[in-house]
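Nothing here was measured: the structure is a model prediction, and the numbers come from that model. Note on naming: letters A, B, ... go to the chains in the order of the sequence lines (proteins, then strands), and numbering restarts at 1 for each one.
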Amino acid sequence: MLEIGNIREEKDRIVAGLKKKNASQDQIDLLEKIIFDDDRRKSVQTQLDNMLSQINKLSDEIGILFKTGKAAEAGSLKSQVASLKEESKLLESELKEIKDSLEDMIIQLPNTPHATVPHGLKAEDNEVFKLWEKPMPVLGSDALPHWELAEKYGLISFKDGVMLTGSGFPVYKNKGARLQRALINFFLDEATAAGYQEIQPPLLVNKETARATGQLPDKEGQMYYCEKDDFYLIPTAEVPLTNLYRDTILQKSDFPVMLTGYTPCFRREAGSYGSDVKGLNRLHQFDKIEIVRIEHPDRSYDVIMEMVAHVEKLLIKLELPFRILRLCGGDMSFNSALTFDFETWSAAQGRWLEVSSISNFETFQSNRMKLRFRDDDGKTRLAHTLNGSALALARIVATLLENHQTPQGIKVPQALQTYTGFDMIT
RNA sequence: GGAAGAGUGGCAGAGCUGGUUGAAUGCACCGGUCUUGAAAACCGGCGUACCUGUGAGGGUACCGGGGGUUCGAAUCCCUCCUCUUCCGCCA
């Protein structure tokens, strides 16, 4: 959620930012209305406060009359308060209405992009920030896509998943299951070695939590929902991890806040179809290790590069061809001010698969969840939040199988062998 | 799931027979005096948000969440949530 103060004070910058993010004219037009309504909010707040102040004063006077045994004289004061009270009720409901509609409007505005974000509308406009340095692997003509490899070696059963639940819920078996566990441990170990604190959060969260990181209201349809208990299945560990710091005021000495967690992620992915959902490409349930950082605003753009470097190291250790994209304004998520996507090369499919997305949200999340810190001058300010996948398992498994396939079997990268306990899948 | 009790500022803990209580007191924390330095002692400060004012300041709201009674509620009532204890169930 954008800060109202920024909307008021830096309207031109916000307009330019919204345009870069490919916002609609309707969204841009909201700014004027927001400022207008915020003026109204202030004026109604002032009236209300003055009125309540009067009520308080009169009530005190009545109290004194009662104490000094002049209760009989309180009658006219009481009726004064009664009428003021009626008026104040009206103002109160007016104020609430204005505040609600203000929030409704502000919530429709996406975050504004950082200066380094490239212009553009769609995926093709993203900037290739970095390409892996080694030559791309060349596979034989008999190379198989991962879903065939998974079947050939008995690693994953998509069929059984359909039987148990439905499509998009694969069952990992044998060395496939072991590979999953190895990757989880590998990623968690790498993250904790880099200084991230390991967290095991709940997989179901309440409305308030889903709201604070921005999943509600706009991504409601993407989450699984337990109606009976009013809980949402998390679409990413970002939700519970970042919310750990909801409504808090950090001391500067609390920085850096570095969290990591492994969780399954649940996504309805309504509307996806075709080759997008083939094999492991897009699942309703997949495993992911997330890294989250809460930072001083002065540091957040250094920190995002640290996170990029961390993920890059992981992919190098897994010996997977990758590229890093700096997303253009039109392709970035609603919440983000700057996003780097990592894609690994799916050799047998001949396409890039997104395996990580690292974003700086600046104060967009912290504003909504009241995540502040105390600055040197003693004042509270909103902290910056960042997160990234490090890494998402399913697609890593897909490209791992495809890129490391040989006529003898699938080679396990060196770094992973201590975790798998085998160096070859045969 | 059933029964009883409880939820107050960073923590501990008063207030809960309704009226200078945003909230005693202690600890923690910050500043100062003292000291070669530190500790102790003493003095002062010490919540968040919003409105208003150039500023000093003034005002409003908040004592788990929401609603109600009342001229007035941390204090009374309703409801929800959470915690503790006992019973039941269970990995």
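Nearest-nucleotide assignment on RNA chain B puts the 5′-proximal partner with A/Lys99, out of A/Lys99 and A/Val81. Between A/Ile64 and A/Gln45, it is A/Ile64 whose nearest contact on RNA chain B lies nearer the 5' terminus.
Taking atom P in both B/rA49 and B/rG88, one finds a spacing of 49 Å when rounded to whole Å. With both ends at atom P, the span from B/rA41 to B/rA28 equals 9 Å, rounded to whole Å. Spacing between B/rC77 and B/rU69 at atom C1', rounded to whole Å, works out to 7 Å. Nucleotides B/rC43 and B/rG55 place their C1' atoms 28 Å apart, quoted to the nearest Å. Between the P atoms of B/rG64 and B/rG7, the separation comes to 8 Å (whole Å). Between B/rA74 and B/rG47, the distance separating the two C1' atoms is 16 Å to the nearest Å. With P as the reference atom, B/rU17 and B/rG32 are 45 Å apart, rounded to whole Å. Of the C1' atoms belonging to B/rC89 and B/rA3, the separation is 16 Å, rounded to the nearest Å.
Not one side-chain nitrogen or oxygen of A/Thr46 sits closer than 4.0 Å to the OP1 or OP2 atom of B/rG59. OP1 or OP2 of B/rC50 has not a single side-chain nitrogen or oxygen of A/Arg41 nearer than 4.0 Å. The phosphate of B/rU48 has OP1 or OP2 within less than 4.0 Å of a side-chain N or O from A/Arg374.
Between the CG atom of A/Asp229 and the C1' atom of B/rG1 there is a distance of 14 Å, given to the nearest Å. The CD1 atom of A/Ile249 sits 8 Å away from the P atom of B/rG10 (whole-angstrom rounding). For A/Gln251 and B/rU48, the CD to P distance is 10 Å, given to the nearest whole Å. Rounded to a whole Å, the CD atom of A/Glu92 is 17 Å from the P atom of B/rC51. In this entry the distance linking CG of A/Leu77 with P of B/rG72 reads 13 Å, nearest Å. Between A/Arg381 atom CZ and B/rU48 atom C1' the separation is 18 Å, expressed in whole Å. Regarding A/Lys89, its NZ atom lies at a distance of 11 Å from the C1' atom of B/rU69, rounded to whole Å. One can place CG of A/Leu84 at 18 Å from P of B/rG59, the figure rounded to the nearest angstrom.
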Here RNA chain B, pairs taken as Watson-Crick or G-U under 3.5 Å and shown with ( ), [ ] when crossing and | when to another strand, reads ((((((((.[[[..)...(.....]]].(((((.......))))).((((((....)))))).[[[[[..)....]]]]])))))))....
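The salt bridge (Lys or Arg N to Asp or Glu O under 4.0 Å) search around A/Arg178 returns none, not counting sequence neighbours. By the ring-ring contact (aromatic ring centres under 6.0 Å, His included) test, A/Tyr232 pairs with A/Tyr225, sequence neighbours left out.
Between the A/Ser53 side chain and the A/Asp49 main chain, no donor and acceptor come within less than 3.5 Å of each other. A/Ser24 places a side-chain N or O within donor-acceptor distance of the main-chain N or O of A/Gln27, the cut-off being under 3.5 Å. A donor-acceptor pair under 3.5 Å links the side-chain atoms of A/Asn174 to the main chain of A/Gly154, judged by distance alone.
Using a 4.0 Å cut-off between a side-chain N of Lys or Arg and a carboxylate O of Asp or Glu, A/Asp37 and A/Arg41 do not qualify as a salt bridge.
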Name each donor-acceptor pair under 3.5 Å that joins a side chain in residues 158-166 of chain A to protein atoms two or more places apart or in another chain, with its distance.
| unit_1 | atom_1 | unit_2 | atom_2 | d |
| --- | --- | --- | --- | --- |
| A/Asp160 | OD2 | A/Ser157 | OG | 3.3 |
| A/Asp160 | OD2 | A/Lys173 | NZ | 2.6 |

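Of the residues in residues 48-63 of chain A, those lying under 4.0 Å from RNA chain B by heavy-atom distance are A/Asp49, A/Leu52, A/Ser53, A/Asn56, A/Ser59, A/Ile62, A/Gly63.
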Write down the protein N/O and nucleotide N/O pairs, taken from nucleotides 77-83 of chain B, whose separation is under 3.5 Å; answer none if there are no such pairs.
none

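Heavy atoms from other residues, nucleotides or ligands lying under 6.0 Å from NZ of A/Lys411 number 12 at most.
Aromatic rings of A/Phe255 and A/Phe373 (six-membered ring for Trp) have centroids within the 6.0 Å cut-off, being under it.
In this structure, A/Ser43 reaches neither bases nor backbone, as no heavy-atom distance under 4.0 Å exists between it and the strands shown.
By the 4.5 Å heavy-atom criterion applied to side chains, A/Leu30 and A/Leu109 are counted as neighbours. Residues A/Ile289 and A/Leu393 have side chains in contact (heavy-atom distance under 4.5 Å, counting atoms from C-beta outward). Annotation: side chain of A/Thr209 is in contact with side chain of A/Asn243 (closest heavy-atom distance under 4.5 Å).
Tested against A/Phe129 for a ring pair (Phe, Tyr, Trp, His ring centres under 6.0 Å), the candidates A/Phe340, A/Phe342, A/Phe322 yield a single pass: A/Phe340.
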